Amino acid sequence: DLKNAKSLIEWIAWAEPQYDFNPMIDEWCKEAPKELDFNHEAENTRTVSKNLSRKTEGGSGGVSSDVDVLIPEIIQSTEKILILEYMDGIRLHDNDSLEEYGVDKKRLVEEITRAYAHQIYIDGFFNGDPHPGNFLVSKEPPHKPILLDFGLTKRISQSMKQALAKMFLSCAEGDQVALLSAFAEMGLKLRVDMPQQSMEIASIFFRQSTTATEAKENIKALNEQRERNAKALQEKMKLNKKEVKHFNPVDAFPGDAIIFMRVLNLLRGMSLSLELVHSSDMTIISHGCFSFIPAGLSASLNVRIVYLDIMRPFAESTLLGSLTRGPSTNSEWIYDSPVNSEVESKLRSLLLEMGSDKILGLQVCAYKDGKVIIDTAAGTLGKYDPRPVQPDSLFPVFSVTKGITAGMVHWLVDQGKLKYEETVADIWPKFGTNKKELIKVQKLISLMLCNETRCFRILTDSFDTS
């Protein structure tokens, strides 16, 4: 079957070069035959058991990275025979028995997820086949998960482990720069530069589960997101509707990531088998979009599984432990660029005093009388991205035009071209519609720089006075 699949993939790659799935089929051809050797599986079982029983230091915030699962001991193995310790457990599909024994399904799924997060991010050696048949639940309280079948077990390099951790944490933080950096480090190459859509797609892997009542709305929202991404891709690449359906934005895909993605999908499927209510099971990512097979869900439970919270300590433990950050007394922490003024020299001294413990990264630029007096960059690009901030580093930012506009208004007041007491409508007549004719310049600046609650209060006060 694998040989036939390989031939088919090679034919497709020849006919349509942009659809080269050889890295994926090569990964399966390499890993699948290992399942036929029970000596190999026995050694994998011992390794995973040893790794998960090892005490590890907590991640961010002192969260423990220890896991509480059971793995049968190996009694004897040959290439064709494997004898394991007998463990009396409940199948995940046996919902009546799970209810009878009072198994906490939410805790069960969370603990299995923690076990896999440990295998992936801490050990770099993980079971690639977490389907429901490979788990039992111990009948004795506290009903621990029993992990079985380590025939398909994947080992990844330290660099790939760190890249996967960075991808996960960049999704958690919404850091598009770090996400693209993670893609590059793991060998994922894209044919199109669309960081926002890349973030949306990558985040789908780690999305939390939803309740039954929210499932339809969630699927609707995901489909709408898929359509938006397709439209954005079409506009970016100037393609027609037919062309965008056949466009593949992925130029190269790392084989090592195939089984990792499979594990994430199977974990979600495993949750569904427990009738923990999920919105949908993502099965395909393609064309900057994603396709879904709706799951047959039970409305009997309303349980949320927040994968980001569960897996985060493990990813942080791996990535933060690998980052080298400059100490607060290290002058190299500030990017080496000319000092433009005495005030910039004082600023840099202050930054050194504050240090990397208080400042992650920053850029400061100031002009006076048309000349640059400050142009300083310091720190790193992100919490999980150790690259230095440079004067020309780009960051995704939001709502910054408000601050720029407010600054320009202050400048116009300093120049005597505006007064804070003037009503905006006297300067900009169209602004005076919808009962805004009494809003003054000073109040408008407050609206630019306030949060939603305060803005609403200011507007309400303005309407009341009218």
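Bear in mind that the values here come from a model prediction, so they are computed numbers and not experimental data.
For A178 against K166, the heavy-atom pair with the smallest separation is O-CD, 3.5 Å. Taking every heavy atom of both residues into account, I146 and V137 meet most closely at CD1-C, 4.3 Å. Taking every heavy atom of both residues into account, F38 and T78 meet most closely at CB-O, 3.1 Å. Closest of all the heavy-atom pairs between R114 and F314 is O-CZ, 3.7 Å.
Remark: side-chain polar atoms of S170 are paired, donor with acceptor, to backbone N or O of M167 under 3.5 angstrom. The backbone N or O of V364 sits nowhere less than 3.5 Å from a side-chain atom of T376 that would complete a donor-acceptor pair. Looking at Q363, its side chain does come within 3.5 Å of a backbone N or O of S393 through a donor-acceptor pair. With hydrogens and angles ignored, the 3.5 Å screen pairs a side-chain donor or acceptor of Q119 with a backbone N or O of A115. In this structure, the side chain of Q234 engages the main chain of L239 through a donor-acceptor pair within 3.5 Å. Side-chain atoms of H143 come within 3.5 Å of backbone atoms of Y101 as a donor-acceptor pair (strictly under, hydrogens ignored). D129 places no side-chain N or O within 3.5 Å of a backbone atom of D149 that could act as its donor or acceptor partner. Panel note: side chain D123, backbone F125; no donor-acceptor pair is recorded below 3.5 Å. A donor-acceptor pair is defined here as one N or O able to donate and one able to accept, closer than 3.5 Å; such a pair exists between the side chain of R262 and the backbone of G128. Side-chain atoms of S49 never come within 3.5 Å of backbone atoms of T45 as a donor-acceptor pair (strictly under, hydrogens ignored).
Ring geometry for F260 against F126 counts as perpendicular: the plane angle is over 60°, on a 0 to 90° scale with 30° as the lower cut.
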Trace of the side-chain contact (heavy atoms from CB on, under 4.5 Å) decision for L108 with L92
CA-CA 10 Å; L108 179 67; L92 298 192; 3.9 Å; yes
Between E99 and K105, is the salt bridge (Lys or Arg N to Asp or Glu O under 4.0 Å) condition met? List the steps.
CA-CA 9 Å; E99 294 290 341; K105 297 178 183 179; 3.3 Å; yes
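Remark: R107 engages D68 in a salt bridge, criterion side-chain N to carboxylate O under 4.0 Å.
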